[in-house]
Novice: 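Right, I'll just put the structure down here and ask away after.
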There are 2 protein chains.
Amino acid sequence: MLPEFKIAQLRHFVWVAELKGFHAAAEKAHRTQPAISLSIRDLENKLGEALFEKRNAKTAKTELTPFGQHFLPKAKELIEHHDRISKDMTLLAEHKTGHLRLASVPSIASQVLPELLLEFVNDTPELHISFFDDNSDAVYRMVENQQVDFGIAHLFHEQEHSDKSFIPIWEDQIGVVCPKDHPLAAHKELHWKELRKHRLISNGTSRLLEDSEASPLLGHSQFYISNMISLIAMLEAGFGVTTLPRYAVPKDSETLCFIPLSTPTVVRRIGIVKLTNKSLTPPAQALVDFILARNNSAE
Amino acid sequence: MLPEFKIAQLRHFVWVAELKGFHAAAEKAHRTQPAISLSIRDLENKLGEALFEKRNAKTAKTELTPFGQHFLPKAKELIEHHDRISKDMTLLAEHKTGHLRLASVPSIASQVLPELLLEFVNDTPELHISFFDDNSDAVYRMVENQQVDFGIAHLFHEQEHSDKSFIPIWEDQIGVVCPKDHPLAAHKELHWKELRKHRLISNGTSRLLEDSEASPLLGHSQFYISNMISLIAMLEAGFGVTTLPRYAVPKDSETLCFIPLSTPTVVRRIGIVKLTNKSLTPPAQALVDFILARNNSAE
DNA sequence: TCTCGCGATAAGGTTTTCTTATTTAGAAAC
DNA sequence: GTTTCTAAATAAGAAAACCTTATCGCGAGA
């Protein structure tokens with residue numbers, strides 16, 4: 001029962017009023033003059049009042065009635081409001097703006113994401129990114145609680161996360177880390193049995209070998225260091241060697257080197273974790289797409 | 001190139017979101033369910049993003065995407081803005097609200113308008129009325145300067161106001177005013193010659209007689225009082241008699257009476273003055289219509 | 001497994017909103 | 001005073017948008 005205005009119609013009205021003519025307004029609207037006439041008439045009928053002075057009379061210029069003068073600023077405000085929302089939502093949909101929350105395991109966080117994010121935000125200056133790094137469990141938890149839009153973590157076969165989906169992206173191969181002047185450093189690749197002669201330090205990622213034929217090594221290990229910084233320091237001090245996924249090793253270390261294990265070849269799959277039945281926000285979806293595209297083209 | 005939303009479409013979206021279902025929304029919109037589906041899909045296409053979680057999947061309840069959650073409050077605000085304007089303008093068009101500015105000559109102002117306005121504003125509690133009373137010249141001037149929406153004044157034959165139009169409403173007959181105990185008070189009507197025997201006080205309205213056969217009376221008059229209050233006081237004191245238009249005489253005077261002049265019968269036409277090429281605001285037009293209707297039915 | 005509820009999809013009709021063509025009226029020019 | 005010109009109104013038909021009925025697909029609960 002209240003009349004419902006169309007934005008286009010209001011635009012026509014504003015243009016006729018401001019350009020003082022139907023022809024000029026028609027041109028601006030990319031319509032013909034009769035279309036504007038009808039549009040205005042429809043508006044007048046809806047309102048039950050004339051917006052422009054009777055234009056068949058002697059008066060030459062199209063001029064607003066007092067009623068029309070009242071309506072003009074209101075119409076303009078509504079149009080502006082509409083356009084603001086339209087623009088905001090379009091920007092958001094084009095992931096040019098908004099807020100993106102992301103959690104990742106430290107290895108990817110430190111070795112892959114910095115460069116990747118730098119490239120991604122290059123053309124989206126208004127995008128805010130919140131970034132958390134923590135271990136896989138914590139990442140899963142943050143995804144579950146919707147503290148982040150998506151996470152980057154390992155795939156756990158054991159724990160069934162039926163409500164989450166996993167998109168594998170990176171394959172992180174397990175290898176041996178030792179000082180560059182260590183006897184093992186000369187090898188291009190290693191068989192697990194070759195490690196038995198050396199002092200092996202196990203760490204949090206060692207359990208990745210549990211299911212492999214290298215599992216006897218774990219019993220062989222006398223030391224366990226969970227903290228990555230300490231572990232690296234021990235290695236650099238020449239205390240021994242360890243096994244680590246490649247991404248967990250500082251990329252451009254001066255003192256340490258990484259030798260892949262050829263037998264067994266153990267890979268840790270790292271990928272994107274998100275809630276299955278929840279869409280991503282446009283910026284988040286854009287980043288996921290970006291990561292996928294980059295990794296497909298890279299391989 | 002920016003998408004343009006339709007208010008109806010936004011309503012559909014809000015209803016689907018809030019009622020958590022297309023059927024419920026369809027009912028509220030007095031549409032069928034497919035209409036709502038298409039409406040939402042169109043909106044999603046315009047935005048380039050899904051608003052609701054994929055509804056063909058396992059999920060039962062229709063739920064918003066994060067993007068949709070962002071859009072919902074904005075859509076609601078825009079709808080509210082639209083409805084506010086729609087309502088305001090409708091009220092204004094129905095002259096239920098707004099501002100009406102009016103000027104009138106004192107006679108009508110004091111004897112006709114009070115009762116008339118009281119009746120008029122009866123069903124328009126939100127209408128503000130600014131009211132000025134002044135002589136005819138001033139009323140014309142205020143109309144001309146658009147200080148008032150319209151005026152109530154005399155018709156001047158002499159001065160051509162080509163830009164103003166005059167709608168005659170009242171006919172104000174000239175008569176004689178005298179104390180109730182005056183010899184003339186017994187008459188039902190008077191011939192101008194009968195006044196010659198009495199002391200005549202002329203006043204601002206006396207020039208209405210100038211063009212009539214009673215013009216000799218004006219030379220006969222020894223006193224001229226421009227101020228109405230003083231004039232009435234003089235009459236009440238029994239100083240003499242005067243001629244006045246009927247509406248200029250206090251209606252229910254205890255002491256004075258009004259006897260029409262039969263020869264000559266001079267009427268002063270009072271009516272509505274407005275700018276020719278300017279429409280009235282809806283409340284002003286409504287009042288004019290009201291006055292016209294009242295006066296036609298009264299006669 | 002069946003059925004129900006909810007939403008998507010398809011096809012066709014109605015309404016709305018344009019366009020082209022023409023008319024009208026005032027203003028300016030002759 | 002007639003002609004001419006310009007701007008808007010009007011008419012009629014085409015195009016687009018929108019809604020309806022009918023039907024399908026799919027997951028959930030009986």
Side-chain angles (χ1 to χ4, degrees), chain A residues 3-47 49-65 68 162-163 165 275-279, chain B residues 3-47 49-65 68 162-163 276-279:
Chain A
E4 193 154 290
F5 309 126
K6 275 165 213 128
I7 300 296
Q9 199 169 39
L10 296 179
R11 269 190 232 282
H12 295 167
F13 164 64
V14 170
W15 285 334
V16 172
E18 296 196 332
L19 303 174
K20 298 195 187 306
F22 285 61
H23 274 104
E27 194 174 348
K28 185 144 195 170
H30 305 294
R31 291 283 122 85
T32 55
Q33 169 261 315
I36 304 301
S37 281
L38 295 181
S39 191
I40 299 294
R41 190 199 300 181
D42 180 51
L43 196 52
E44 289 178 332
N45 287 340
K46 278 178 183 164
L47 288 164
E49 273 293 322
L51 291 165
F52 294 94
E53 294 295 347
K54 335 173 236 342
R55 19 206 189 287
N56 48 352
K58 45 189 130 185
T59 167
K61 281 278 136 205
T62 22
E63 231 171 307
L64 287 168
T65 59
S162 67
D163 58 334
S165 67
L275 290 179
T276 305
N277 55 3
K278 201 92 170 115
S279 315
Chain B
E4 193 155 291
F5 309 127
K6 275 167 213 125
I7 300 296
Q9 200 169 37
L10 297 179
R11 270 191 232 281
H12 295 167
F13 164 64
V14 170
W15 284 334
V16 172
E18 296 196 331
L19 303 174
K20 298 195 186 310
F22 284 60
H23 275 104
E27 193 175 348
K28 186 146 195 171
H30 305 295
R31 291 283 120 83
T32 55
Q33 168 262 316
I36 303 300
S37 280
L38 295 182
S39 191
I40 299 294
R41 190 202 298 181
D42 180 51
L43 196 53
E44 288 178 332
N45 287 341
K46 278 179 184 163
L47 289 164
E49 274 290 326
L51 292 165
F52 294 95
E53 296 296 349
K54 331 170 241 341
R55 26 208 183 283
N56 48 352
K58 44 189 130 185
T59 166
K61 280 280 133 203
T62 22
E63 233 172 305
L64 287 168
T65 60
S162 67
D163 57 334
T276 305
N277 54 4
K278 201 92 169 115
S279 316

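In what follows, every chain begins at residue 1, and chains take the letters A, B, ... in the order their sequences are listed. The structure presented is a predicted model; accordingly, all values stated were derived computationally and were not measured.
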Novice: Return no unless some side-chain N or O of B:H23 is found under 4.0 Å from OP1 or OP2 of C:dG5.
Specialist: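 Checking C:dG5 against B:H23, no side-chain N or O comes under 4.0 Å of OP1 or OP2.
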Novice: Taking all non-hydrogen atoms of both residues, which atom of A:F5 and which atom of B:I7 are closest, and how far apart?
Specialist: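 Answer, listing the atom of A:F5 first, then B:I7: O-CG1, 3.7 Å.
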Novice: Please find the pair of heavy atoms, one from B:G68 and one from B:F13, that lie closest to each other, and give the distance.
Specialist: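 Between these two residues, the closest heavy atoms are O-CZ, 3.7 Å.
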Novice: Would you kindly give the CG-to-C1' distance between A:L38 and C:dT16, to the nearest whole Å?
Specialist: 11 Å
Novice: Tell me the closest heavy-atom pair linking B:S279 and A:T65, and the distance in Å.
Specialist: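 The answer is OG-CG2, 3.5 Å.
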Novice: Given C:dC18, D:dT20, D:dA9, which nucleotide is nearest the side-chain atoms of B:P34?
Specialist: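 The listed nucleotide nearest to B:P34's side chain is D:dT20.
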Novice: Answer yes or no: does a side-chain N or O of B:T32 lie under 4.0 Å from OP1 or OP2 of D:dC19?
Specialist: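 It does not, given that no N or O in the side chain of B:T32 lies less than 4.0 Å from OP1 or OP2 of D:dC19.
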Novice: Round to a whole Å and report the spacing from CD of B:E27 to P of D:dT20.
Specialist: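 B:E27 atom CD is separated from D:dT20 atom P by 13 Å.
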Novice: What's the CD1-P distance between A:I36 and D:dT10, to the nearest Å?
Specialist: 16 Å
Novice: Using atom CG of B:L43 as one end and atom P of D:dA17 as the other, report the distance to the nearest whole Å.
Specialist: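 B:L43 atom CG is separated from D:dA17 atom P by 15 Å.
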Novice: To the nearest Å, how far apart are B:R31 CZ and D:dT21 P?
Specialist: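 Rounded to whole Å, this separation is 12 Å.
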Novice: C:dT17, D:dA17, C:dT9: which one has an atom nearest the side-chain heavy atoms of A:D42?
Specialist: C:dT17
Novice: For the side chain of A:R41, counting heavy atoms from C-beta on, which of C:dT16, C:dC6, D:dA9 is nearest?
Specialist: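 Out of C:dT16, C:dC6, D:dA9, the nucleotide with an atom closest to A:R41's side chain is D:dA9.
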Novice: Between A:Q33 and A:F22, which heavy-atom pair has the shortest distance, and what is it?
Specialist: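 Taking every non-hydrogen atom into account, CG-CB, 4.2 Å.
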Novice: Examine D:dA8: is either OP1 or OP2 under 4.0 Å from a nitrogen or oxygen in the side chain of A:S37? Give yes or no.
Specialist: no
Novice: Give a yes/no on whether any side-chain N or O of B:K20 is located under 4.0 angstrom from OP1 or OP2 of C:dC6.
Specialist: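 So the side chain of B:K20 is outside the cut-off, no N or O lying under 4.0 Å from OP1 or OP2 of C:dC6.
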Novice: Grab the two heavy atoms, one from B:H12 and one from B:A25, that are nearest each other, plus how far apart they are.
Specialist: O-CB, 4.4 Å
Novice: Whole angstroms only, please: what is the CD-P distance between A:E53 and C:dG26?
Specialist: 15 Å
Novice: By nearest heavy atom, map A:A8 and A:Q33 onto DNA chain C; which one lands nearer the 5' end?
Specialist: A:A8
Novice: To the nearest Å, how far apart are B:H12 NE2 and C:dA8 C1'?
Specialist: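 Going from NE2 in B:H12 over to C1' in C:dA8 covers 17 Å.
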Novice: Please determine, for the side chain of A:A35, which listed nucleotide (C:dT19, D:dA8, D:dC19) has the closest atom?
Specialist: C:dT19
Novice: How close or far is atom P of C:dG26 from atom CD of A:E63, stated in whole angstroms?
Specialist: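 It works out to 17 Å between those atoms.
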